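The sequence lines fix the lettering, A, B, ..., with proteins before strands; numbering per chain opens at 1. This structure is a prediction, so every number in the text was calculated from the model and none was measured.
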Amino acid sequence: MQQTFVQPEFRVKIDYDKCHKCGRCVQQCGWGVYDFNERPIPHDEKCRACHRCVTYCPAHCITIEKNTLAFRDNDNWSADARKAVWKQSETGGVLLTSMGNPKPYEHIFDKLVLDACQVTNPSIDPLREPMELRTYLGRKADSVKVEPDGAGGFRLAEDAGLARNIKLDVPIIFAPMSYGSVSLNVHRSMAMAATRLGITMNTGEGGMHEDLFPYQDHIIVQVASGRFGLSPEILDRAAALEIKIGQGAKPGIGGHLPGEKIDRDVSATRMVPQGSDAISPAPHHDIYSIEDLRQLIYALKEASGYKPVGVKIAAVHNVAAIASGIVRAGADYIYLDGFRGGTGAAPQVVRDHIGIPVEIAIAVVDQRLRDEGIRNQASIIAAGSIRSSADAAKAIALGADVVAIGTATLLALGCHLCQSCHTGKCSWGITTQKPELTRRIDPEWGAERLTNLVHAWSHELQEILGALGVNAVESLRGSRERLRAIGLDEQTCRVLGVKPAGL
Amino acid sequence: MAYDLGRYDGFAPEHYREESPFKIHGGCGLMGICDESGALMSGEEPIKAMAVQRDRGNGLGGGFAGYGIYPEFPDHYCFHMMYHDLKAKDEAEEVLGAHFLIEVAEPMPTRTVKGIKDAPLLWRYFMMPHEHLIDEAEVTAEDFVVNVVMLINSRVDGAFVASSGKNMGAFKGVGYPEEIGHYFRLEDYAGHTWVGHNRFPTNTPGWWGGAHPFTLLDWSIVHNGEISSYGINARYLEQFGYVCSLGTDTEVAAYLFDLLLRRHKLPVELACKVLASPLWDEIDRMGADDAALMRSLRAVYGPAMLNGPFAIVLGFNGGMVALNDRIKLRPLVAARSGSKLMVASEESAIRTVLASPDELWTPKAGEPVIARVEGMDLPFHSQLHVTPAEISCAVTAVDACHELEVAV
């Protein structure tokens with residue numbers, strides 16, 4: 001075989017003086033980095049820096065370092081750019097990758113700061129006062145109509161439609177990730193955590209495994225272009241349905257689950273033959289315009305007894321107009337996925353160069369819907385790299401009702417962002433279907449970690465609300481007056497509807 | 001309209017506008033009293049109630065509104081006017097004369113009071129609208145009057161309508177409220193309902209028209225608060241065509257009352273539940289019907305919730321409504337003595353007027369105190385025609401209300 005020009009990205013170093021020679025690293029590594037000959041011998045070129053071996057080495061004798069090979073300086077041809085050319089000239093293929101866009105685009109969240117109360121209005125102590133995070137996801141009536149109840153009070157004159165809203169105890173939900181791209185134990189962990197937290201998980205386009213049925217009231221089922229895993233029974237079980245048009249990591253691109261990942265269980269859940277590739281086309285083949293979307297929305301409502309139907313789109317340039325059309329087409333919520341959102345597999349060129357930041361998308365969509373007087377008709381879910389409770393608070397202040405977390409969810413379960421999900425060899429047992437790897441996640445353990453994470457962020461959101469002097473999240477939602485920009489240009493400030501700090 | 005508006009097109013008033021690209025911060029003191037039997041109380045009472053709350057203001061704004069104070073002209077619209085100069089007076093009177101039959105035009109009775117200076121020219125007019133103009137315009141008498149108020153406030157430089165209701169009037173200016181009250185000789189008036197206000201602005205234009213109460217037609221609003229949810233409240237209102245240009249919480253509260261009471265026809269009790277929502281825990285403990293109603297109100301009107309500290313008194317011909325924020329971050333005390341119902345920021349104010357009330361309590365967070373004068377209607381449902389929103393419209397010198405009407 002011809003020698004590759006691409007040198008290993010990492011160096012695996014073992015301190016053999018400390019090494020127990022126990023071979024656990026060999027057993028833990030899903031990438032086949034280690035041979036064992038009296039002691040572990042690492043093959044650097046296979047290492048993904050996922051730290052599974054480092055974490056489980058009883059002697060703490062493994063370190064992973066960057067392979068700091070010197071290149072002659074060239075600010076134009078980065079090492080990555082050179083490597084990409086070498087790889088492609090070796091294979092002739094599209095470069096595949098996974099997880100979210102890692103490029104150093106400007107982080108708008110990091111240039112926004114929140115307000116706090118001083119003197120003229122009091123801050124509120126969340127340890128002593130109620131601090132409410134409950135949110136209803138879905139279409140709201142324009143107004144509430146009441147009539148006298150005959151006993152001196154009033155009652156609802158007509159249903160305000162809340163029955164078709166999903167009650168969320170906190171405005172943080174788990175983002176769609178399909179069974180197939182992630183393991184069933186990841187799904188079990190999310191389902192249990194979502195039920196305990198009073199929030200939702202989302203099947204992605206992979207169907208709902210029967211083990212998840214007990215948690216179905218907290219599960220949103222996705223309807224994507226491959227229509228995998230859908231049946232009248234599943235529509236009946238879902239808490240809500242979500243038409244997936246696009247994904248932030250790969251706007252305009254379909255999906256491809258290779259046949260080797262489709263074992264018996266995945267096959268049964270996706271409703272596709274075992275071992276055959278499951279291909280989701282780029283567009284829905286029955287949606288070539290907005291009126292087609294409307295038909296699918298109402299077909300799903302009819303078929304499901306009028307459950308909430310949301311539409312997930314990638315944040316792209318014209319997102320505000322698209323969102324307006326989606327709301328007018330009858331969607332109960334819009335899911336905006338920014339260009340930093342994760343994926344189980346995507347062409348690198350698409351992941352790194354298509355789409356816009358979710359911060360911008362939230363701001364322009366929320367404003368457009370308000371300008372048109374239809375903001376109440378749909379909730380906005382924002383996703384695409386919500387990294388912390390601060391990001392969540394800023395997204396909500398810009399206008400989101402709810403944030404969805406995907407990458408953070410996987411991080412909580414052990415993901416180290418090695419960007420190799422598409423290989424199906426995840427050493428952490430997350431994005432793989434190999435039984436010896438998937439069993440590394442105990443759903444009970446996973447559910448506890450996810451519950452901890454969302455609890456922690458919820459407490460932090462409460463602290464933020466308290467500092468802002470409000471005690472309900474709806475008073476932060478869309479309240480851009482409580483945000484200020486530091487170091488954003490005037491044009492971006494105007495798009496965001498946020499003043500620069502000092503004004 | 002008989003009056004030629006064209007001559008004022010493109011005119012930007014230089015005086016009597018609260019210039020406020022930014023939000024105005026401040027605290028305040030307030031009071032409201034209503035004799036539900038309709039018996040009249042001297043204007044000395046609200047002055048006393050505000051005088052003991054002097055420390056709640058800083059001398060940059062005080063004012064009162066009284067109801068039932070002009071029994072000799074019960075059916076006439078009474079305009080209390082502020083003029084920067086005689087030219088403004090001439091122009092405003094021209095507008096008034098074109099729309100109304102002016103029965104009485106007289107300077108407001110005032111006396112010299114130490115501490116009150118730079119007062120504008122203060123006049124009042126008792127007038128009946130020209131019926132044929134109302135018919136021609138195919139509007140209600142209330143809308144007709146509102147249009148005149150808007151016209152004067154937005155187009156006549158140096159003229160401001162301080163109040164425009166029937167059998168009521170607003171008395172306000174820059175000074176401590178007791179000084180303002182004595183300046184206006186309030187002891188010579190008697191009313192069944194009074195509201196009073198003491199202002200502590202931390203960023204003041206020092207403008208007589210900017211003092212509370214905000215009034216239009218029979219509505220008056222006094223307000224002590226700082227709405228921490230101002231940003232989303234204003235954006236929510238924008239969706240319905242309201243333009244919040246004053247940057248004051250009072251304006252937002254007034255528009256919200258307008259939206260909920262007039263346009264969405266909510267009863268005042270429920271409008272109060274929107275502005276100061278019960279906690280989810282409380283809602284979950286309610287009976288099924290009540291819980292469904294409150295859940296819907298919160299989910300639909302979440303952006304309308306006034307979050308943050310406030311106490312507010314809405315006065316009208318027929319009573320008053322007092323309301324606190326949802327966790328009671330600003331003071332509001334209430335008392336009943338016979339047929340008199342009184343609210344104030346401090347108990348001292350109540351004890352000054354009602355020495356030993358039958359009942360004295362601290363209203364719970366978000367629970368409105370509602371006084372109804374016997375034989376007079378409470379502004380419920382569609383009975384509400386002209387509303388507090390226009391109060392702010394009248395002040396903002398923009399034609400927000402016209403846009404609203406189109407939106408309706």
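For chain A, the nearby parts of B:Leu279 are the backbone and the side chain; heavy atoms of each come within less than 4.5 Å. Proximity to chain A (any heavy atom under 4.5 Å) is shown, for B:Phe310, by neither the backbone nor the side chain. Neither the backbone nor the side chain of A:Asn165 comes within less than 4.5 Å of any heavy atom of chain B. A:Ile124 touches chain B through its side chain: at least one heavy atom from C-beta onward sits under 4.5 Å away, while N, CA, C and O do not.
Across all non-hydrogen atoms, the minimal contact from A:Glu132 to B:Trp280 is OE2-N, 2.6 Å. Minimum interatomic distance between A:Phe154 and B:Glu269 (heavy atoms only, all atoms of both residues): CE1-OE1, 4.1 Å. Scanning all heavy atoms of the two residues, the minimum distance from A:Leu156 to B:Ala292 falls at CD1-O, 3.7 Å. The two residues B:Val300 and A:Ala141 have their closest heavy-atom pair at CG1-O, 3.4 Å. The shortest non-hydrogen separation linking B:His264 to A:Ser143 is ND1-CB, 3.4 Å.
With sequence neighbours excluded, the residues satisfying side chain to side chain contact (heavy atoms under 4.5 Å, CB included) with A:Lys167 are A:Arg134, A:Tyr136, A:Asp169. In this view, B:Ala271 and B:Leu260, B:Leu261 satisfy the side chain to side chain contact (heavy atoms under 4.5 Å, CB included) rule, not counting sequence neighbours.
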Full working for salt bridge (Lys or Arg N to Asp or Glu O under 4.0 Å) between A:Glu129 and B:Arg326: CA-CA 11 Å; A:Glu129 303 278 352; B:Arg326 62 198 308 247; over 6 Å; no
Tell me, with the steps shown, if B:Ser228 and A:Cys117 meet side chain to side chain contact (heavy atoms under 4.5 Å, CB included). CA-CA 8 Å; B:Ser228 305; A:Cys117 289; 4.1 Å; yes
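Between A:Arg375 and B:Glu238 there is no salt bridge, since none of the side-chain N atoms of the basic residue sits less than 4.0 Å from a carboxylate O of the acidic one.
A distance-only check finds a donor-acceptor pair linking the side chain of A:Ser479 to the backbone of B:Ile232 [under 3.5 Å].
With respect to chain B, the highest number of heavy-atom pairs below 4.5 Å among A:Arg480, A:Arg155, A:Arg482 belongs to A:Arg480. When each of B:Ser296, B:Ala304, B:Pro303 is scored by its heavy-atom pairs under 4.5 Å with chain A, the top score falls to B:Ser296. No other option in A:Asp366, A:Leu369, A:Asp149, A:Val144 has as many heavy-atom pairs under 4.5 Å with chain B as A:Val144. Highest contact tally toward chain A, considering only B:Leu329, B:Asp290, B:Leu293, B:Val274, is held by B:Leu293 [criterion: heavy-atom pairs under 4.5 Å].
Of residues 467-474 of chain A, those residues lying under 4.5 Å from chain B by any heavy-atom pair are A:Leu468, A:Gly469, A:Val470, A:Asn471, A:Ala472, A:Glu474.
Residue-environment remark: CD (A:Glu490) stays at or below the threshold of 12 foreign heavy atoms within 6.0 Å. Counting heavy-atom neighbours within 6.0 Å of B:Arg336 CZ, excluding the residue itself, gives a total above 12.
Interatomic distance, CG of A:Asn376 versus OH of B:Tyr301, reported as 9.5 Å (0.5 Å rounding).
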List, one per line, each side-chain donor-acceptor pair under 3.5 Å for residues 323-331 of chain A, sequence neighbours excluded.
{"residue": "A:Ser324", "atom": "OG", "partner": "A:Glu372", "partner atom": "OE1", "Å": "2.7"}
{"residue": "A:Ser324", "atom": "OG", "partner": "A:Glu372", "partner atom": "OE2", "Å": "3.3"}
{"residue": "A:Arg328", "atom": "NE", "partner": "A:Glu372", "partner atom": "OE1", "Å": "3.1"}
{"residue": "A:Arg328", "atom": "NH2", "partner": "A:Glu372", "partner atom": "OE1", "Å": "2.8"}

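When side chains are defined from C-beta on, B:Arg235 does not count as touching A:Glu481, because their heavy atoms never get closer than 4.5 Å.
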